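No experiment lies behind these values; they were computed from the predicted model shown.
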Amino acid sequence: MREYAVVLLTAGLVTFLATPVVRMVAVRWRMMAAPRERDVHVIPTPRGGGVAMYLGVAAAILVATRLPALQRTFDDSQTAAVLVAGGLICLLGVLDDKFGLDALTKLTGQIAAAGVMVLLGVQLAFVFLPFLDIGTLSLGPDIGVPLTILLTVLTVNALNFIDGLDGLAAGVSAIAALAFFAYSYNLGLVGYDDVASAPALITAVLAGACLGFLPHNFSPARIFMGDSGSMLVGLMLSAAAVTATGGVDAQSFDSAANVLPLALPLLVPIAILFIPFVDLVMAVIRRSLRGQSPFSPDKMHLHHRLLSIGHSHRRAVLVMYFWAALLSFGAVALSITGGRVELLVAIGVLLVVGVVVVLSPRARRAAREARAAELLAQRERSRLDHPTSRSVRAAAVQAAAPEVPTDQPPQPPRTPTVRQVVP
């Protein structure tokens, strides 16, 4: 654990120190994010923070090669595969931050980077499905390779979609990486895998890079991670999901008699990446129903909805942090404890608290509007019932009535004339 702490702090420190340098270079190269209609920021902000994050990742992995225990993680090629593929996709993101690549070009580059990662050793080996007594499915190259590439591309775009508020993607990614680290490290503690494993190292390094970048990116952001950062984070989280859960046979756990622990190797990565994937799916469905491209931008993401119901910028980010931490660490805690009742009750209570927090601005705004309408009605009734107001109304009514002239004598009433009709 001390060595993991060393690499995490190394990644965080290098990223934190490299970010101001990258920011100056981005300003000089005019890699600026101009405010658009769907954006929240109001001034041009430099992009390309993913370069600083990659430098932190590379430095931490270099330090890990010199540590006694973590040297064992390099017995296979998974860590090197993530480092190489991460460099390629970060370079792709830099080109997009500078020149604004079209969606098809970016998608092709994402597939190429994911393919390099798969070819170098990161591949989904088998999946356990606790449904209909299916059990463990062994995935050969014909299925495992395209499935790994698909998962990587989906994760990359999911992280790219939620990168819409200052500090949102970096914070959510740090939470997800720490949750994956806890899951991977626990697998080593229970004897299923080595404590010094590639997924634990990847997630520890990624968490450090995200935490080191976050002080520069939290509202008000001085630099954005850009596509170079969001795609790098997505690729590394996908690699963590594949290496940490794709090689886990749930039937080997001691709690295999329980259905919930059996499903957790499949549910943990889904829960950890739940918020980015939900935002991705909703965006694709929403845009497809409108006849638009799934990559066409809009202002209907989850963070935009939080802003629309009354949350401030920072409060919306913190709400997303809360949900990401609750879902990811809740799933990891269930996988470690085997689904104890006390934990389920605590998660249920926190879910209720989260819903109340999300809806509280709308409730407060509705209450304020109702109270303001009630006060306005009371003031109007009080004004109408006031004696002065009544006298004013009486004078207005009298002024509106026709006046009878007083300078002429009153005329006697006329008697009707009777006409005699001669037959």
Side-chain angles (χ1 to χ4, degrees), residues 3-33 41 43-67 70 79-99 109 113 156 159-160 163 165-178 181 201-237 239-240 317:
E3 294 186 6
Y4 281 124
V6 168
V7 296
L8 188 149
L9 293 175
T10 300
L13 182 60
V14 172
T15 302
F16 179 79
L17 297 177
T19 300
V21 180
V22 172
R23 183 182 183 277
M24 290 189 296
V25 174
V27 172
R28 183 175 297 239
W29 287 2
R30 297 182 180 179
M31 295 171 54
M32 307 294 290
H41 66 283
I43 60 174
T45 306
R47 292 182 290 196
V51 176
M53 298 174 67
Y54 182 75
L55 292 176
V57 168
I61 291 178
L62 180 62
V63 170
T65 60
R66 305 300 179 186
L67 297 178
L70 292 184
T79 305
V82 173
L83 186 62
V84 174
L88 293 177
I89 206 166
C90 183
L91 177 61
L92 174 67
V94 170
L95 295 177
D96 182 60
D97 292 338
K98 173 62 179 176
F99 302 106
V156 165
L159 265 297
N160 194 11
D163 187 20
L165 295 180
D166 297 348
L168 179 58
V172 172
S173 301
I175 293 171
L178 290 174
F181 172 78
L201 176 61
I202 293 170
T203 50
V205 167
L206 178 59
C210 292
L211 293 175
F213 180 72
L214 193 57
H216 302 281
N217 185 237
F218 199 74
S219 178
R222 294 181 293 276
I223 185 174
F224 295 153
M225 67 167 58
D227 283 3
S228 58
S230 61
M231 293 196 296
L232 171 65
V233 170
L235 183 137
M236 294 186 69
L237 284 177
V317 172

Margin query: Within the 4.5 Å heavy-atom criterion, are Met231 and Leu159 side-chain neighbours or not?
Written below: no
Item checked: CG-CG distance between Leu62 and Leu67, expressed to the nearest 0.5 angstrom -> 10.0 Å
Checklist line | Considering all heavy atoms, the nearest Val233-Cys210 contact | finding: CG2-SG, 4.2 Å
Note to self: How close do Ala52 and Thr19 get, counting heavy atoms only, and between which atoms?
What the structure shows: CB-OG1, 3.5 Å
Next item on the list: Going by the side chain to side chain contact (heavy atoms under 4.5 Å, CB included) test, name the single residue among Val63, Thr79, Leu83, Val57 that passes it with Val205.
Entry: Val57
Next item on the list: Taking all heavy atoms of Ser228 and all of Cys90, pick out the closest pair and write down the distance.
Entry: CB-O, 3.6 Å
Check: Can Val94 and Met31 be said to form a side chain to side chain contact (heavy atoms under 4.5 Å, CB included), step by step?
Finding: CA-CA 9 Å; Val94 170; Met31 295 171 54; 4.3 Å; yes
Note to self: I'd like to know if the side chain of Arg47 reaches the main chain of Asp97, judged simply by a donor and an acceptor atom lying under 3.5 Å from each other, with no hydrogens or angles considered.
What the structure shows: yes
Item checked: Side-chain heavy-atom pair Asp166, Val317 within 4.5 angstrom cut-off -> no
Notebook entry, point to check: Do you know which of Leu13, Val6, Leu8 makes side chain to side chain contact (heavy atoms under 4.5 Å, CB included) with Thr10?
Noted result: Val6
Next item on the list: Could you tell me whether a side-chain N or O of Thr15 sits under 3.5 Å from a main-chain N or O of Gly12, the two making a donor and an acceptor?
Entry: no
Margin query: For Phe181 and Tyr4, take the angle between the two ring planes, folded into 0 to 90°, and tell me which bin it lands in: parallel under 30, tilted 30 to 60, perpendicular over 60.
Written below: perpendicular
Check: To the nearest 0.5 Å, what is the distance between CG (Leu88) and CG (Leu91)?
Finding: 7.0 Å
Next item on the list: Run through Leu206, Leu232, Val172 and flag the one making a side chain to side chain contact (heavy atoms under 4.5 Å, CB included) with Leu237.
Entry: Leu206
Note to self: Quick check: closest heavy atoms across Asn160 and Ser230, and the distance to 0.1 Å?
What the structure shows: OD1-OG, 3.4 Å
Checklist line | Close side-chain approach of Arg23 and His216, heavy atoms under 4.5 Å | finding: no
Item checked: Minimal non-hydrogen separation, Ile89 against Ala113, with atom names -> CB-CB, 3.9 Å
Next item on the list: Quick one: closest heavy-atom pair of Asn217 and Ala170, and the distance?
Entry: OD1-CB, 4.1 Å
